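Structure, as structure tokens:
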2 protein chains.
Amino acid sequence: MTNADQVLDALGDRTRRAVFARVQRGARSVQEIADGMDVSRPAVSQHLKVLKAARLVTDRAEGTRRLYAVDPTGIAAVRDWLDGFWDEALVAFKAAAEQEAVKERKRR
Amino acid sequence: MTNADQVLDALGDRTRRAVFARVQRGARSVQEIADGMDVSRPAVSQHLKVLKAARLVTDRAEGTRRLYAVDPTGIAAVRDWLDGFWDEALVAFKAAAEQEAVKERKRR
DNA sequence: ACTTACGGTAAGTGATGACTAACGCTGACC
DNA sequence: GGTCAGCGTTAGTCATCACTTACCGTAAGT
């Protein structure tokens, strides 16, 4: 399982995307992240575990609190993965469009 | 639910990613896509439905067959979504790194 | 009209995974 | 040492969803 796979699986959940968004907006401790969300703190903790495994966030201890921050690594992984699809998709799309144009011409 | 949400939900499944990859590699009909995969043809059909809703693929009828092709729209949507995170993540990351550097300096 | 190939859909089942409640651990403060 | 706050983890439940089987509609060939 590549890192891109992990990231896509991680971001495949709506709640987890919300957690990730809150971390990115500057939320630090698990409590702060969970506050205002409609899921319990342990749930957030589990989501953070998945996000961390996907290299989307990093954590570090500060006293009894645990501060989370965004990790660009995971984002870079999907980004690269997507770019690959993007390029090949564009090529295929252009080819298909031209194919269509040829057919269109033949019809007349 | 935005298009980016749909795409991320769609790509959150491993099998669906495989289907998408096969379409992108040039597979056209549902049969061709299903051949060699370890799931049945109806399963592939359902996955294609989700991918289509997320604007990741397009379909068009040709006789009794239905040809699928990659649709760049959905990819563009996640790409934009990711780019937003990417930029802000970099900023936050740099800030954090500098914060760390400051602390490091103070320690000495 | 009959048959065959192709594919979408409905219904039902099974498995994955998201969530909560309860517990245990650690660091800070008294 | 005792207490409290902050988190991770476990066990167990519940819901979501991926998958299969069976069925039906449609287009092409005979």
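Just so you know, these numbers come straight off a predicted model, no measurement behind them. Sequence lines set the chain letters: A, B, ... in the order given, protein chains first and strands last, and positions in each chain run from 1.
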Inset, instruction - Could you say whether His47(A) or Arg66(B) is positioned toward the 5' end of DNA chain C, judged by the nucleotide with the nearest heavy atom to each? - result: Arg66(B)
Legend entry - Distance, rounded to the nearest Å, where Arg65(B) contributes CZ and dG8(C) contributes C1': 16 Å
Inset, instruction - Respond yes when some side-chain nitrogen or oxygen of Lys49(B) is under 4.0 Å from OP1 or OP2 of dG8(C), and no when none is. - result: no
Legend entry - Rounded distance in Å - CG (Asp35(B)) to P (dA5(C)): 14 Å
Distances for protein N or O near nucleotides 20-22 of chain D N or O, under 3.5 Å:
from	atom 1	to	atom 2	distance (Å)
dT20(D)	OP2	Ser40(B)	N	2.7
dT20(D)	OP2	Ser40(B)	OG	2.5
dT20(D)	O4	Gln46(B)	NE2	3.1

Legend entry - Within residues 10-21 of chain B: residues closer than 4.0 Å to DNA chain D (heavy atoms): Asp13(B), Thr15(B), Arg16(B)
Under 3.5 Å, which protein N or O atoms sit close to an N or O of nucleotides 25-28 of chain C? Give each pair with its distance.
none

Inset, instruction - Give every residue pair that meets the ring-ring contact (aromatic ring centres under 6.0 Å, His included) criterion with at least one member in residues 12-44 of chain B, sequence neighbours excluded. - result: Phe85(A)-Phe20(B)
Legend entry - Whole-Å distance separating the CE atom of Met37(A) from the P atom of dT20(C): 10 Å
Side-chain donor-acceptor pairs under 3.5 Å in residues 44-55 of chain A, sequence neighbours left out?
from	atom 1	to	atom 2	distance (Å)
Lys52(A)	NZ	Asp59(A)	OD1	3.2
Lys52(A)	NZ	Asp59(A)	OD2	3.3

Legend entry - Heavy-atom check, side chain of Met37(B) versus side chain of Arg22(B), under 4.5 Å: yes
Legend entry - N/O (side chain, Tyr68(A)) to phosphate O (OP1/OP2, dG6(D)) under 4.0 Å: no
Inset, instruction - Find the distance Leu48(A):CG to dA18(C):P and express it as a whole number of Å. - result: 13 Å
I'd like a table of donor-acceptor pairs (distance under 3.5 Å, sequence neighbours excluded) in which one partner is a side-chain atom from residues 6-14 of chain A, with atom names and distances.
from	atom 1	to	atom 2	distance (Å)
Asp9(A)	OD1	Arg17(B)	NH1	3.3
Asp9(A)	OD1	Arg17(B)	NH2	3.4
Asp13(A)	OD2	Thr15(A)	N	3.3
Asp13(A)	OD2	Arg16(A)	N	3.0

Legend entry - Rounded interatomic separation in angstrom, taking CE from Met1(A) and P from dT16(C): 14 Å
Inset, instruction - Identify whether Ile33(A) and Leu67(A) are in the same connected component of the hydrophobic contact network (ILVMFWY, side-chain heavy atoms under 4.5 Å). - result: no
Legend entry - Heavy-atom donor-acceptor pair, Arg66(B) side chain to Arg60(B) backbone, under 3.5 Å: no
Legend entry - Taking every non-hydrogen atom, the tightest pair across Gln24(B) and Gly84(A): NE2-O, 4.4 Å
Legend entry - Atom pair distance, as rounded to whole Å: CD in Gln31(A) and P in dA5(D): 10 Å
Legend entry - d(NZ, Lys52(B); C1', dG7(C)) in whole Å: 12 Å
Legend entry - Check ion pair Asp83(B)-Arg79(A) (N to O, under 4.0 angstrom): yes
Inset, instruction - Please lay out, stage by stage, how Asp71(B) and Thr58(B) fare under the test side chain to side chain contact (heavy atoms under 4.5 Å, CB included). - result: CA-CA 6 Å; Asp71(B) 182 359; Thr58(B) 57; 3.6 Å; yes
Inset, instruction - Of all the heavy-atom pairs spanning Asn3(A) and Ala77(A), show the shortest one and how long it is. - result: ND2-CB, 3.6 Å
Legend entry - Derivation and outcome, side chain to side chain contact (heavy atoms under 4.5 Å, CB included), residues Val70(A) and Leu56(A): CA-CA 6 Å; Val70(A) 171; Leu56(A) 282 167; over 6 Å; no
